[in-house]
Each structure stands twice: as structure tokens, then as C-alpha cells.
Chemist: 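Take this structure first; my questions come after.
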Protein chains: 2
Amino acid sequence: MRYRKIPDETVRRLPVYLRCLLFASEQGQENISSRNLAELVGVNSWQIRKDFSYFGDFGTRGVGYNVKKLAAQIKKILKIAVVQKAALVGVGNIGSALLAYSGFGKYGLDIAVAFDISPKKIGRKVEKVVIEDVASLLKIKKRKIKLGIIAVPEQAAQETADKLVKAGIKGILNFSPRYIAVPKKVKVITIDIAMYLASLPYYMTAI
Amino acid sequence: MRYRKIPDETVRRLPVYLRCLLFASEQGQENISSRNLAELVGVNSWQIRKDFSYFGDFGTRGVGYNVKKLAAQIKKILKIAVVQKAALVGVGNIGSALLAYSGFGKYGLDIAVAFDISPKKIGRKVEKVVIEDVASLLKIKKRKIKLGIIAVPEQAAQETADKLVKAGIKGILNFSPRYIAVPKKVKVITIDIAMYLASLPYYMTAI
DNA sequence: CAGTGTGAACAGTTTCACAGCA
DNA sequence: TGCTGTGAAACTGTTCACACTG
């Protein structure tokens, strides 16, 4: 197949594969078959082989995939082989939880700066990061930070997005329950937590 | 078209539509056109008309949709017209943030009970909910709670899922970065926060 | 011979264009 | 005239079966 456009769905699954590969690696596994990985991930083995086929020949027939090589390859594709720094805006409940969350490291992600508007919070240290005044957000331009996380109240979401774009951010993870408009070259992923919970009842069997 | 199977993607979008309709309603809007709603949501107008067409005739040609009626209809379809109670397991950083999060109410969702394993936390009151011992999880069966939220460390995720299933839960929102295996009749949605952030760099333009 | 890589068939989703109704 | 509702076309993603290889 070698070199077609990579489906979005495949890209979405790559971090999941990566997570499971790192897990397998921790367990001391050196090689892993598509079927083996499939169990860990919760998809079919052919889905996995198809997904990997978009990038070239990763595996060895009869053996499987080399866990470490594959993990490194996926990191490279996702552009997280070198640590990506992120700026957090809004250190409320969700923001604080994100700062305390230890799961970013293994994906090569690091929340390097945090901003808030409340004078009460500015200057405080939360998990190795000192909260700064949101008025000084533009300084991230100098630090070449390309990832932004929005965890402010929804009324302030669009305004915060505008500021982040002005500061040179290229990707935004939005935790506010609002659609935010940005220039085409900026990628936004919105996680509306309540929304996910809201779609569950539909799928729940009656009995 | 009237009565085919509703696409999963449409179901996924319904809570987003609902959110925007409630917003429009707050603003005092009585009717809304598909184009109008499309702007609020961030999709195309024909997508919206198509989605609604799966359920019957909601709109009035030349006028648009009645905001309140449509919102009520969507709630009914999603089975959140009557308040759905949820049980939270794990009151750490993420769990606490969820308890404090005010966004559930408008979707007819309510975190009615919370459990933790730490004796330090048991008995404490967080946002109107008293944290209970996870050993007594089974009591939710009597209270007919059908929704579970997993916010425990990943090593305990599967075990927690098993307990929730045993307690009669029908839908699980999983915040741990692990695939969890459950009987087919139970629906699981996994939100691995770091994962979403990890897929952003791939889409970020180089310049 | 176990396990990858992939064309082809299939399934699901989005886009389009326009008929039809208030 | 303005906006909905929808079949048909285009597109995207998944499943399958199997040729091929270490």
C-alpha cells in the first residue's frame, strides 16, 4: 500500500496503540503480534495491521512487531518524539486536576506554564508550576510553546482561544463546553465531559 | 426517510446540539434555523437537517425549529429527559473536579454518590456528596443507579469496572488510560485525557 | 507455519442538489 | 420566498480473505 493519506481515525487510534505498547514494554515484552496488541487495545487484529500498513513495513512476518521500535515510530509520526510543551489557561477544578495528572509524561507532553485571571491564584505554585497572570500570556511566544489547554469558564473560552492564537499556539485542547472559532491552521479538540456522559444513557440496554 | 437506524455519529452529535439549543433558549431565541444552529455548533447546516431527519419532522419549512420543543425531543431520544443519577468511584484529582463540575445538570445528569478506598477520604463531604467506602459499592443496586464513572488509578480500573457491573451499572465513563473489558450489554466510553493532547501535534502545521 | 501486508468487498457517513411546504 | 426533508452520489473507514515471507 505504501503511502496514501492517513485516515483521521487511524491517527486517533495511534496514541492508544502507543499507550499499550509502552505498557507491554514495561512488562518486559519484546515482540508483540497484532492479535496480542488487539486484545490490549480492544480492537480487531486486522484493524491494527491495516492502520500500521499506512506507514510502511513495521512488522516481521511470523514474529510480530518489535515493541520498542514500533513505539518509537509512532511517537515520531505523532510528532511527540521530542517533548512538547503545553500552556494551561485556567487553574480551577479541571485545570488543577490536569496539573496534577501524571499521565502526560509518557506521551512526551509537559504542561510547562499555567495562567489564571484571579489575583488570588497568581503567584501560587501548583505541582512545580507557578501560576502566572493571564495578561502575560503572550510570553509563551518566546518560549515557542505550540500547545494550549483551555480550562476556563465557558464565557471566557472564545476570548482565551483568541489570545492563545495570537500567542502563536497551533493546537488547542478545549475543556469548555463551547464551540470555539479559530483560524484554519489551528487544530482544536473539544472535550465536553458532560457530553460524553450524556450520550451513555442512549446506549444503555433497558433490562 | 422516517425510521432507519440512527447512525452512531448522529447520536454523538446530539448532546452538542442540545447544549447549543439550551444556550439559544437562554438567549431568548424561540426558533432557530439549521444554518443558525450550524454556526453555534460548528458543523454544516445540511448535516444538522440530515441528523434531525432520522427522528421525524421537527422543523417548520420557512421558519426553522422551535428551540424548546427540539431540546425536549433530543433529551427524550438520549433518555435524559428524567434525571439520570451517576456513581463516581475514585475521588482523587479528576474525581474531585468532576464533583465540583457544574456542567452535568443541564444534561439531566447528577453525581449522586461517590466512593473511595482511602480511609482518609471516606466520610468527608465534597460538594454535597459524602464519600463512602468503595466496599459498600453494591448499595447502588438498590438505588437503581445505572451510570458509573471510573476515576481511580489505572491499576484499579478493571477491578472497579467489574464491581460496577456487579452492582448493576449499564453505562461507564472511564477516565483511566486502560481498556476495560465488560459484558456486551454494558456500554463503556473511555476518555484518556493525555491521549487527546497527544494527537494534537500531528495536526499542527509546521509554520 | 505463524503472522504480516493488502486488494477488494462492504458498511457507514457526509455532501449535494433540489423537490416541496409554510 | 425561505428553509426543511431526503434520495442519490461521493467519500471515508472497516472487514475479510488470502498471498506472501521470515
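In the text below, chain A, chain B and the rest are named by the order of the sequence lines, each starting its count at 1.
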Chemist: Please give, in whole Å, the distance from dT4(D) P to Phe52(B) CZ?
Modeler: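 Whole-Å distance recorded here is 10 Å.
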Chemist: Could you tell me how far apart Ile32(A) (CD1) and dA2(C) (P) are, to the nearest whole angstrom?
Modeler: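 It is 19 Å, rounded to the nearest whole Å.
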Chemist: How many Å lie between CG on Leu37(B) and P on dG5(D), as a whole number?
Modeler: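 The distance from CG of Leu37(B) to P of dG5(D) comes to 13 Å, rounded to the nearest Å.
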Chemist: More than 12 non-hydrogen atoms from neighbouring residues, nucleotides or ligands closer than 6.0 Å to NZ on Lys106(B), yes or no?
Modeler: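 Yes, the 6.0 Å shell around NZ holds more than 12 heavy atoms from other groups.
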Chemist: Please encode protein proximity along nucleotides 15-22 of chain D as a string of B, S and -, counting only heavy-atom distances under 4.0 Å.
Modeler: BSB--BBS
Chemist: Write down the distance between CZ (Arg35(A)) and P (dG5(C)), rounded to a whole number of angstrom.
Modeler: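 Those two atoms, CZ and P, are 16 Å apart.
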Chemist: For Tyr101(A) and Asn93(B), does a side-chain donor sit closer than 3.5 Å to a side-chain acceptor?
Modeler: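 There is no such pair between these side chains.
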Chemist: Does the Asn174(A) side chain pair with the main chain of Ile189(A), one donor and one acceptor, at a distance under 3.5 Å?
Modeler: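 Flag not set: sc Asn174(A) to bb Ile189(A) has no pair under 3.5 Å.
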Chemist: Nearest whole Å is fine: how far is dT4(C) C1' from Asn66(A) CG?
Modeler: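 About 15 Å, once rounded to whole Å.
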Chemist: Would you indicate what Arg13(B) reaches in the nucleic acid, counting non-hydrogen atoms under 4.0 angstrom: base, sugar-phosphate, or nothing?
Modeler: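 Touches sugar-phosphate only.
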Chemist: dT14(C) phosphate, OP1 or OP2: any side-chain N/O from Tyr54(B) under 4.0 angstrom?
Modeler: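 For dT14(C), OP1/OP2 do not have a side-chain N/O of Tyr54(B) under 4.0 Å.
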Chemist: Classify the nucleic acid contact of Tyr65(A) as base, sugar-phosphate or nothing, counting any heavy atom under 4.0 Å across all strands shown.
Modeler: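 Here Tyr65(A) touches the backbone only, sparing every base.
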Chemist: To the nearest Å, how far apart are Arg12(B) CZ and dG12(C) P?
Modeler: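 Taking atom P of dG12(C) as the reference, CZ of Arg12(B) is at 16 Å.
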Chemist: Just to verify, which of Ile149(A), Ile172(A), Leu164(A), Ile169(A) counts as forming a side chain to side chain contact (heavy atoms under 4.5 Å, CB included) with Val89(A)?
Modeler: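 Option passing the side chain to side chain contact (heavy atoms under 4.5 Å, CB included) with Val89(A): Leu164(A).
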Chemist: Checking the side chain of Thr160(B) only, and the main-chain atoms of Ala156(B) only, is there a donor and an acceptor separated by less than 3.5 Å?
Modeler: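 Here the side-chain-to-backbone pair exists.
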Chemist: Distance only, no hydrogens: is a donor on one side chain within 3.5 Å (strictly under) of an acceptor on the other, for Tyr107(B) and Asp192(A)?
Modeler: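 Side chains of Tyr107(B) and Asp192(A): pair found under 3.5 Å.
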Chemist: In this structure, how many angstroms lie between the P atom of dT4(D) and the CD1 atom of Ile48(B), rounded?
Modeler: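 It works out to 9 Å between those atoms.
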Chemist: Side chains of Tyr17(A) and Asp51(A): any donor to acceptor distance under 3.5 Å?
Modeler: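 Yes, Tyr17(A) and Asp51(A) have a side-chain donor paired with an acceptor closer than 3.5 Å.
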Chemist: Can you tell me the distance, in whole Å, between the CD1 atom of Ile6(A) and the P atom of dT6(C)?
Modeler: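 The answer, rounded to whole Å, is 14 Å.
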Chemist: Taking only the side-chain nitrogens and oxygens of Ser34(B), find out if one of them lies under 4.0 Å from OP1 or OP2 of dT4(D).
Modeler: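 Yes, such a contact exists.
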Chemist: Which residue, Thr10(A) or Ser33(B), contacts DNA chain D at a nucleotide closer to its 5' end, judged by nearest heavy atom?
Modeler: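 Comparing both residues, the 5'-ward one is Ser33(B).
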